[in-house]
Number of protein chains: 2
Amino acid sequence: MSFAHNFQDAIHPARAEPAGVDDTLDILGRMGVRIAYAKDEEIYGQDETADLVYRVIQGAVRTSRVMSDGRRQIGDFYRTGDLFGFETGSHHRFAAEALQDCVILVLKRSTLKSAGGDLERLTWATTNRELDRAQEHLLLLGRKTASERVASFLLDLVRGSKEDTIDLPMGRQDMADYLGLTIETVSRMLSQLQASRIVCFTATRKFRTPNIAALAKLAA
Amino acid sequence: MSFAHNFQDAIHPARAEPAGVDDTLDILGRMGVRIAYAKDEEIYGQDETADLVYRVIQGAVRTSRVMSDGRRQIGDFYRTGDLFGFETGSHHRFAAEALQDCVILVLKRSTLKSAGGDLERLTWATTNRELDRAQEHLLLLGRKTASERVASFLLDLVRGSKEDTIDLPMGRQDMADYLGLTIETVSRMLSQLQASRIVCFTATRKFRTPNIAALAKLAA
DNA sequence: CGCTTTATTGAGGGCGGTCAAAGAGCGTGG
DNA sequence: CCACGCTCTTTGACCGCCCTCAATAAAGCG
């Protein structure tokens with residue numbers, strides 16, 4: 001499954017940190033270890049003990065859980081700068097995998113907690129954000145229709161980006177497993193949105209949203 | 001909607017605390033204020049600021065979120081002894097309502113955080129448990145079938161109880177809104193489980209599980 | 001360019017939703 | 001205690017959304 005040769009600190013510590021990011025995060029950079037993962041490589045496994053936390057330096061990550069018969073649910077996606085692995089106190093309910101080749105900063109959880117002050121506040125804020133997102137996800141999975149789910153998903157991406165053209169870091173199967181749908185339904189909904197001139201795909205994984213208001217309305 | 005006359009500390013502080021509960025929780029009892037809520041009364045509202053936390057002293061509570069067209073998703077249920085209201089750092093994504101007439105201990109969040117030591121650990125543990133449950137819920141809503149959802153739900157109740165006969169604190173509509181189903185589907189699945197001799201309802205809201213192994217298998 | 005993987009589109013079926021009616025539970029008042 | 005009325009639950013018939021299966025098309029990659 002994974003034949004990537006991990007390496008520690010092979011990436012130069014100088015990062016292109018966007019301006020405005022809290023200085024607190026810079027402290028993290030000096031505390032942890034950078035590890036590179038190949039696409040689809042596992043960062044941590046389902047039911048693994050959770051004494052580490054992670055930050056995406058480059059690339060993107062998904063958390064997922066698979067049932068014994070292969071059905072899969074994706075918990076969330078993480079982009080550059082995001083912290084993840086906070087989901088539990090002892091054992092991970094979801095596994096984490098690299099969505100693309102990426103570089104991850106790995107830290108001991110205990111280090112973060114004992115650091116006090118800003119870092120503790122950061123840990124707290126991150127966990128709260130996780131809960132918020134999970135609850136929004138619950139509503140989506142429990143009560144939204146297929147088109148509403150896809151619209152909500154795209155809207156989330158639009159709101160989390162400053163670019164005009166947005167590129168999806170994941171394939172259709174990952175979208176489907178996040179949204180609780182099949183790949184075919186996702187594809188159909190996307191085609192439908194495009195036919196309605198609400199989104200416009202310039203490539204399989206690149207799109208623009210000429211009509212965000214309409215998209216927001218569809219997302220319900 | 002609610003014509004219950006709330007009253008503070010009208011309930012005598014002596015509680016029938018089951019043995020084995022952490023002493024930490026007793027401290028809470030001296031810090032907060034007890035408030036009684038009538039069935040279906042709102043404890044806090046969707047989008048309300050979240051500077052308080054709560055503990056169920058008596059009765060049961062649900063958290064829920066409704067969409068503009070009335071579709072509702074229930075986040076979780078809370079029984080005697082459970083802490084709730086930890087879902088967010090600033091504003092509640094879900095409202096909380098009394099499932100039955102109940103008594104709730106209300107505390108300032110800041111009090112809890114500044115107390116340090118055990119209480120801080122308790123806050124942390126509770127939040128982690130919330131995340132764990134939310135993630136389990138995500139899998140249920142995203143990937144399980146109707147019968148698996150109902151089986152999972154009943155199994156959860158069985159595992160959380162020491163009694164042989166379990167009674168449901170909620171009606172079918174609440175179950176449905178928790179499971180992302182309709183009331184009719186829930187009812188049909190229950191009838192089906194009973195026909196299979198996997199559960200046995202002695203009343204609408206009382207059941208036993210003669211065959212937990214089979215129930216666990218169905219829950220997947 | 002050929003091969004593999006991924007995405008789209010179509011046809012048909014099934015699970016769960018919708019609509020409707022009957023039945024059970026339960027408090028109220030005669 | 002029973003009759004009545006309300007709410008909640010169950011059951012049935014039918015429908016529609018999404019899934020399944022299958023084929024084609026497009027995209028990635030050597």
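Lettering follows sequence order; numbering is per chain, from 1. Computation of the quantities below employed the complete heavy-atom set of this structure, encompassing side-chain atoms and omitting hydrogens, waters and symmetry-equivalent molecules. Here the structure is a predicted model, which is why all the values come from computation and not from measurement.
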[X] [atom1] to [N] [atom2], straight-line distance once rounded to whole Å:
X	N	atom1	atom2	answer
B:L141	C:dC15	CG	P	20 Å
A:M189	C:dG10	CE	P	13 Å
A:M175	C:dT6	CE	C1'	14 Å
A:R172	C:dT5	CZ	P	19 Å
B:K206	D:dT9	NZ	P	15 Å
A:D101	D:dG28	CG	P	15 Å
B:F201	D:dC8	CZ	C1'	14 Å
A:D167	D:dA27	CG	P	16 Å

- Closest heavy-atom pair and its distance - A:E87, A:E130: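 Here A:E87 and A:E130 meet closest at CG-OE1, 4.3 Å.
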- Just say parallel, tilted or perpendicular for the rings of A:Y178 and A:F77, cut-offs at 30° and 60°.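 Geometry flag for A:F77 against A:Y178: tilted rings.
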- Message: Which label fits B:Y54 and B:H92: parallel for a plane angle under 30°, tilted from 30 to 60°, or perpendicular past 60°?
- Response: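 Tilted.
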- Query: Across the strands shown, which category fits B:L190 at heavy-atom distances under 4.0 angstrom: base, sugar-phosphate, nothing?
  - Reply: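 The answer is nothing, as B:L190 stays clear of every strand by at least 4.0 Å.
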- May I ask you to say what B:T204 touches in the nucleic acid, namely base, sugar-phosphate or nothing, with a heavy-atom cut-off under 4.0 Å?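 It contacts sugar-phosphate atoms only.
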- Under 4.0 Å between a side-chain N/O of A:T182 and OP1 or OP2 of D:dC18, yes or no?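 Checking D:dC18 against A:T182, no side-chain N or O comes under 4.0 Å of OP1 or OP2.
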- Task: Check whether any side-chain nitrogen or oxygen of B:T185 sits under 4.0 Å from OP1 or OP2 of C:dG16, and answer yes or no.
- Result: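 It does not, given that no N or O in the side chain of B:T185 lies less than 4.0 Å from OP1 or OP2 of C:dG16.
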- Query: Ion pair present between A:D167 and A:R205, side-chain N to carboxylate O less than 4.0 angstrom?
  - Reply: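 A salt bridge is absent here (no side-chain N lies under 4.0 Å from a carboxylate O).
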- Message: Check this for me: does any side-chain nitrogen of one of A:R62 and A:D76 sit under 4.0 Å from a carboxylate oxygen of the other?
- Response: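 No salt bridge links A:R62 with A:D76.
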- Item | Toward the 5' end of DNA chain C, by each residue's nearest nucleotide, A:R143 or A:G171 |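 It is A:G171 whose nearest nucleotide is closer to the 5' end.
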- Message: Determine whether a donor-acceptor pair (one donor, one acceptor, N or O, separation below 3.5 Å) exists between the side chain of B:E184 and the base of C:dC19.
- Response: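 Indeed, a donor on one side and an acceptor on the other fall under 3.5 Å apart.
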- Kindly say whether, by distance alone, the side chain of B:R188 makes a donor-acceptor pair under 3.5 Å with the base of D:dG12?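 Present.
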- For A:T145 and for A:R205, find the nucleotide of DNA chain D with the closest heavy atom, then tell me which residue's nucleotide is more 5'.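 This one resolves to A:T145.
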